[in-house]
Amino acid sequence: MIVRKLQDCIDTERQMKSENWNSVRLSLKDDNMGFSFHITTIYAGTETPIHYQNHLETVYCISGEGEVETVADGKIHKIEPGTVYILDKHDKHLLRASKEMQLACVFNPPLHGREHHDENGVYPLEAESVTD
Ligand code: 9YT
């Protein structure tokens with residue numbers, strides 16, 4: 001069994017920071033679980049374009065408030081504590097936070113750790129180059 005604490009992972013190599021969000025990657029590919037598990041904070045007043053063409057992601061809102069817009073149909077879904085959104089179609093989307101949101105995120109296939117969104121909001125597969 002593996003045990004980790006969120007507090008112990010903050011400001012370590014497990015935490016990735018960007019202008020709009022930071023993400024603590026509590027479980028990664030090298031845990032051999034078939035998924036990765038992250039606690040992500042989305043900053044208030046931000047809009048992030050995301051398109052995970054190589055990954056499936058499920059996102060559960062723990063706290064905060066925002067919305068997710070699917071680009072293909074312009075539909076806007078409110079995000080509040082207790083909401084889950086599931087990107088089962090590799091949906092291109094816009095993620096907006098009106099209040100800082102804490103989200104629990106699961107990725108399949110798992111991230112290996114240092115991925116950053118590229119200019120299209122995409123994470124490359126690990127075989128491809130990773131921008132850091
Ligand atoms: C909700 C979302 O996808 N945010 C971007 C960060 C991502 N969860 C990550 O890299 O951990």
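Whatever order the structure lists them in is the order used to number ligands and atoms, beginning at 1.
Annotation for ligand 1: atoms under 4.0 Å from non-hydrogen atoms of His38 are 9 (C), 11 (O).
Separating the NZ atom in Lys99 from the CD atom in Glu80 is a distance of 10.0 Å, to the nearest 0.5 Å. Atoms CD and OG, from Glu65 and Ser98 in turn, are 4.0 Å apart once rounded to the nearest 0.5 Å.
Residue contacts with ligand 1 for Leu95 involve side-chain atoms from C-beta outward but no N, CA, C or O (heavy atoms, distance under 4.0 Å). Counting heavy atoms under 4.0 Å from ligand 1, residue Tyr85 touches it through the side chain alone. Proximity of Glu57 to ligand 1, defined as any heavy-atom pair under 4.0 Å, is confined to the side chain (atoms from C-beta onward).
Ligand 1 has a nitrogen or oxygen under 3.5 angstrom from a nitrogen or oxygen of Arg25.
Using a 4.0 Å cut-off between charged nitrogen and carboxylate oxygen, Asp31 and Arg4 count as a salt-bridge pair. A salt bridge is absent between Glu69 and Lys75: the closest approach of a Lys/Arg side-chain nitrogen to an acidic carboxylate oxygen does not fall below 4.0 angstrom.
Under the 30°/60° scheme for interplanar angles, the aromatic rings of Phe107 and His38 are found to lie parallel.
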